[in-house]
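Each remark here refers to the structure printed beneath this line.
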Amino acid sequence: MAEIELKTAPADFRFPTTNQTRHCFSRYIEFHRCLAAKGDNSSECEKFAKYYRSLCPGEWVERWNEQRENGTFPGPL
């Protein structure tokens, strides 16, 4: 059986505390900015997707995706 390797986002000096809420939100925004700049099929953006998926609760991501679709997302994309 193949061995599974689990990874999370690397440490980020901008977020030194244990509360990772802001780190999660920033990685989500970085991913969508990357897609906007490089296109939806860019493999360069995949690392940001892995980061936010490992940091953010699924409910938040679902809500943010809905807000982006409705044009009500509070972040700077």
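This one's a predicted model, so the numbers in the text were calculated from it and none came from an experiment. Residues: numbered from 1 along the sequence shown.
Crowding of Asn41 atom CG: a count of heavy atoms from other residues, nucleotides or ligands under 6.0 Å not exceeding 12.
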- prompt: Step by step, would you call Phe73 with Phe25 a ring-ring contact (aromatic ring centres under 6.0 Å, His included)?
  reply: CA-CA 12 Å; Phe73 183 72; Phe25 189 70; 5.7 Å; yes
Quiz item: Yes or no on side-chain hydrogen bond (donor to acceptor under 3.5 Å, both in side chains) for Tyr28 and Arg68, after CA distance, side-chain angles and deciding distance?
Solution: CA-CA 12 Å; Tyr28 181 84; Arg68 280 187 320 100; 3.0 Å; yes
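A salt bridge links Glu46 with Arg53; the closest basic N to acidic carboxylate O contact falls under 4.0 Å. Between Arg27 and Glu30, at least one side-chain N (NZ, or NE/NH1/NH2) sits under 4.0 Å from a carboxylate O, which counts as a salt bridge.
Taking 4.5 Å as the limit, some side-chain heavy atom of Trp60 sits within range of a side-chain heavy atom of Thr21. Looking at Pro76 and Arg33, their side chains come closer than 4.5 Å, going by heavy atoms from C-beta outward. Put simply, the side chain of Cys24 does not reach to within 4.5 Å of the side chain of Tyr52, judged on heavy atoms. Residues His32 and Asn65 meet the side-chain proximity criterion, which asks for heavy atoms closer than 4.5 Å.
Qualifying salt bridge (Lys or Arg N to Asp or Glu O under 4.0 Å) partners for Lys38, counting only residues two or more places apart in sequence or in other chains: Glu44. Looking at residues two or more places apart in sequence or on another chain, you find no side chain to side chain contact (heavy atoms under 4.5 Å, CB included) involving Ser43.
Annotation: the span from Glu62 atom CD to Glu59 atom CD amounts to 6.5 Å, rounded to 0.5 Å.
Residue Ile29 is grouped with residue Phe48 when hydrophobic side chains (ILVMFWY) are merged at heavy-atom distances under 4.5 angstrom, including chains of intermediate members. Hydrophobic clustering, with ILVMFWY side chains joined whenever heavy atoms are under 4.5 angstrom apart, keeps Leu55 apart from Phe31.
Checked by atom type and distance alone, the side chain of Ser42 never pairs as donor or acceptor with a backbone atom of Gly39 at under 3.5 Å.
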